[in-house]
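Here the structure is laid out as structure tokens; the discussion comes afterwards.
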Amino acid sequence: AALVELLGGGEQGQSVLNVVANEEGFYDDESGLIGAAGLSLKDEQVASCKEALKKEPDHVGLRALFLGWGWTHHYEAQDRAFYTDQILWFIRNRPEAPAAGGTYARFERMDAAGDFDRIGKAWLGAAKENPKSARTRGRAAFFLGTDDVAAADRLLREARALEPQNLEWIKKLAKLYQDAAARAGHGETKKDLASKAVRIWEEALAAATEGRFEILTHLASSAFERGDGEALDRWTKEILDKASYVKSSESAPAIHGALTLQGRLALSRGDAGGASRFLLMSLDLPPGTKMSGNGPNPALARDLLIRGLAG
């Protein structure tokens, strides 16, 4: 009953819980909703749900709930042990479940290297035990991420070989290298990683029949990480041209992202005035478009403030 209330109460909460518990139509947004509910669990609710889990150890909804709770409590050894047990349970019992590959089932290696390596090993084992499962490989790659780019790359390429028509695996592979480039600091390593990301995003763009705004935005971002102003200009121009006649839920975030990247590039070249103009342009969206639920990207404003050049 407490879990139903956390999920919105009444029929809505019971409906989501039933779907997850039965793994029928177990969609990402539903597992994420339960994980998000876990973020706000109070101590007495944690105790109550742990007791319920003892009685129903295979209750997927409770396990997903504790992923959300553990995601914010894994810095203490005792809480982290319970949290990692939930992740390992999904890997061993429901490796294809969305909760197993969601945000709340992952943490950075620097947070707890030993536990990260143990879970990473379990994911590699699950992939080996499920040789025909592209999704298990995708979940494993998501966990390893930029902490083990080589292993994540291999897993995503295996997933792509199993499902060659599924564009998601190409996009996830490109995003892996884009994220790795963003974390690489400066120098040739960063440039090489970003170049790989650009090549794979270009492949995804060529194959895409929808979602092109998203891919173009990632291409522009990868070009920025590579320090390639010419490519960045090309991709942002295509975004802005396309957005001028296509109004969709993707267009406003794409316009904002493109102009933000142009501003950050200008600032990196010492053009504070140009960066400020791009910042203002990025917030002045065309009529009929709407910013995404996450709101504006603060990166450019932050960079300007750090340099004391805002305004």
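Residues take their numbers from the sequence shown, with the count starting at 1. Basis for what follows: all heavy atoms, side chains included, without hydrogens, waters or symmetry-related copies. The structure presented is a predicted model; accordingly, all values stated were derived computationally and were not measured.
Side-chain contact between Tyr75 and Arg80 is absent, with no heavy atoms from C-beta onward closer than 4.5 Å. In this structure, the side chains of Lys42 and Glu44 come closer than 4.5 Å at one or more pairs of heavy atoms. The shortest side-chain heavy-atom distance between Trp89 and Arg94 falls under the 4.5 Å cut-off. Using a 4.5 Å heavy-atom threshold, the side chains of Leu144 and Leu124 count as touching. In this structure the side chain of Glu163 never reaches within 4.5 angstrom of the side chain of Arg135, judged on heavy atoms. Side-chain contact between Asn166 and Arg160 is absent, with no heavy atoms from C-beta onward closer than 4.5 Å. A heavy-atom distance below 4.5 Å is found between the side chains of Glu202 and Trp235. Contact check for Trp201 versus Ile170: no side-chain heavy atoms found under the 4.5 Å cut-off.
Applying ring-ring contact (aromatic ring centres under 6.0 Å, His included) to His74 and the options Tyr104, Tyr83, Trp69 leaves one that passes, Tyr83. Under the side chain to side chain contact (heavy atoms under 4.5 Å, CB included) test applied with Trp123, the options Lys128, Arg137, Arg139 reduce to a single match, Arg139.
No hydrogens or angles considered: a donor-acceptor pair under 3.5 Å links the side chains of Asp233 and Gln262.
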Exercise. Given Leu53 and Gln86, is the side chain to side chain contact (heavy atoms under 4.5 Å, CB included) satisfied, shown in steps?
Worked result: CA-CA 11 Å; Leu53 188 60; Gln86 308 315 305; 3.9 Å; yes

Problem set entry | Worked check of side chain to side chain contact (heavy atoms under 4.5 Å, CB included) between Arg118 and Leu88 | CA-CA 9 Å; Arg118 183 160 60 99; Leu88 288 167; 3.1 Å; yes

Problem set entry | Criterion salt bridge (charged side-chain N to carboxylate O under 4.0 Å, His left out) on Lys121 and Asp117, from CA distance to verdict | CA-CA 6 Å; Lys121 185 177 180 181; Asp117 292 342; over 6 Å; no

For this session: Please report the C-alpha distance between Lys171 and Glu214 in whole Å, then the side-chain angles of each, then the deciding distance to 0.1 Å, and finally whether the side chain to side chain contact (heavy atoms under 4.5 Å, CB included) criterion is met.
Result: CA-CA 10 Å; Lys171 291 162 65 176; Glu214 176 200 5; 3.1 Å; yes

For this session: Show the numbers, then the answer: is there a side chain to side chain contact (heavy atoms under 4.5 Å, CB included) between Leu67 and Phe90?
Result: CA-CA 10 Å; Leu67 288 179; Phe90 273 102; 3.6 Å; yes

Exercise. Can Asp179 and Lys175 be said to form a salt bridge (charged side-chain N to carboxylate O under 4.0 Å, His left out), step by step?
Worked result: CA-CA 6 Å; Asp179 291 344; Lys175 189 64 164 60; 2.7 Å; yes

Problem set entry | Check against salt bridge (charged side-chain N to carboxylate O under 4.0 Å, His left out), Lys191 and Glu188 | CA-CA 5 Å; Lys191 187 174 181 179; Glu188 289 303 309; 5.0 Å; no

For this session: With salt bridge (charged side-chain N to carboxylate O under 4.0 Å, His left out) as the test, would you mind laying out the steps for Lys54 and Glu56 before giving the verdict?
Result: CA-CA 6 Å; Lys54 289 178 183 178; Glu56 297 184 71; over 6 Å; no

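By the criterion of side-chain heavy atoms lying less than 4.5 angstrom apart, applied directly or through intervening Ile, Leu, Val, Met, Phe, Trp or Tyr residues, Leu261 is not grouped with Leu259; the two fall into different hydrophobic clusters. Under the 4.5 Å side-chain heavy-atom criterion for Ile, Leu, Val, Met, Phe, Trp and Tyr, Leu265 and Ile239 are members of distinct hydrophobic clusters. In the hydrophobic clustering of ILVMFWY residues, with side-chain heavy atoms under 4.5 Å counting as a link, Phe224 and Leu176 come out apart. Placement of Leu193 and Phe142 in two distinct hydrophobic clusters is found when ILVMFWY residues are connected by side-chain heavy-atom separations under 4.5 Å, directly or transitively. Taking hydrophobic clusters as Ile, Leu, Val, Met, Phe, Trp and Tyr residues chained together by side-chain heavy-atom distances below 4.5 Å, Leu232 does not share a cluster with Leu219.
Annotation: the span from Arg109 atom CZ to Asp148 atom CG amounts to 9.0 Å, rounded to 0.5 Å. Atoms NZ and CG, from Lys172 and Leu156 in turn, are 8.0 Å apart once rounded to the nearest 0.5 Å. Taking OG of Ser221 as the start and CG of Leu216 as the end, the distance is 12.5 Å to the nearest 0.5 Å. For the atom pair Ile215 CD1 and Ile200 CD1, the distance stands at 12.5 Å (nearest 0.5 Å). For the atom pair CE (Met281) and NE2 (His256), the distance works out to 12.5 Å, reported to the nearest 0.5 Å. To the nearest 0.5 Å, the span separating OG1 on Thr72 from CG on Leu39 amounts to 5.5 Å.
With hydrogens and angles disregarded, no donor-acceptor distance shorter than 3.5 Å links the side chain of Arg63 to the backbone of Asp58. In this structure a side-chain-to-backbone donor-acceptor pair under 3.5 Å is missing from Arg106 to Gly101. Of the possible donor and acceptor atoms, one in the side chain of Ser222 sits under 3.5 Å from a partner among the backbone N and O of His218. With hydrogens and angles ignored, the 3.5 Å screen pairs no side-chain donor or acceptor of Asn130 with any backbone N or O of Ser133. Between the side chain of Ser282 and the backbone N or O of Leu279, at least one donor-acceptor pair lies under 3.5 Å.
Taking the ring centroids of Phe82 and Phe66, they lie under the 6.0 Å cut-off.
Note: Phe116 and Phe107 have perpendicular aromatic rings, judged against thresholds of 30 and 60 degrees for the angle between ring planes.
Ile87 and Ala105 make their closest contact through CD1-O, 3.7 Å (heavy atoms, listed as atom of the first residue, atom of the second, distance). Listed here is the closest heavy atom pair of Gly274 and Ala266: C-CB, 4.3 Å. When every heavy atom of Gly145 is checked against every heavy atom of Ala152, the shortest pair comes out as O-CB, 3.9 Å. Considering all non-hydrogen atoms of both residues, Lys190 and Gly185 come closest at CD-O, 2.6 Å. Of all heavy-atom pairs between Leu300 and Ala275, the closest is CD2-O, 3.6 Å. Minimum interatomic distance between Leu162 and Ala134 (heavy atoms only, all atoms of both residues): CD1-N, 3.7 Å.
In this structure, Lys242 satisfies the cation-pi test against Phe213, with its NZ or CZ atom closer than 6.0 Å to the six-membered ring centre and inside 45 degrees of the ring normal.
Ionic pairing of Arg157 and Asp153 is present here: one or more N-O contacts between side-chain nitrogen and carboxylate oxygen are shorter than 4.0 angstrom.
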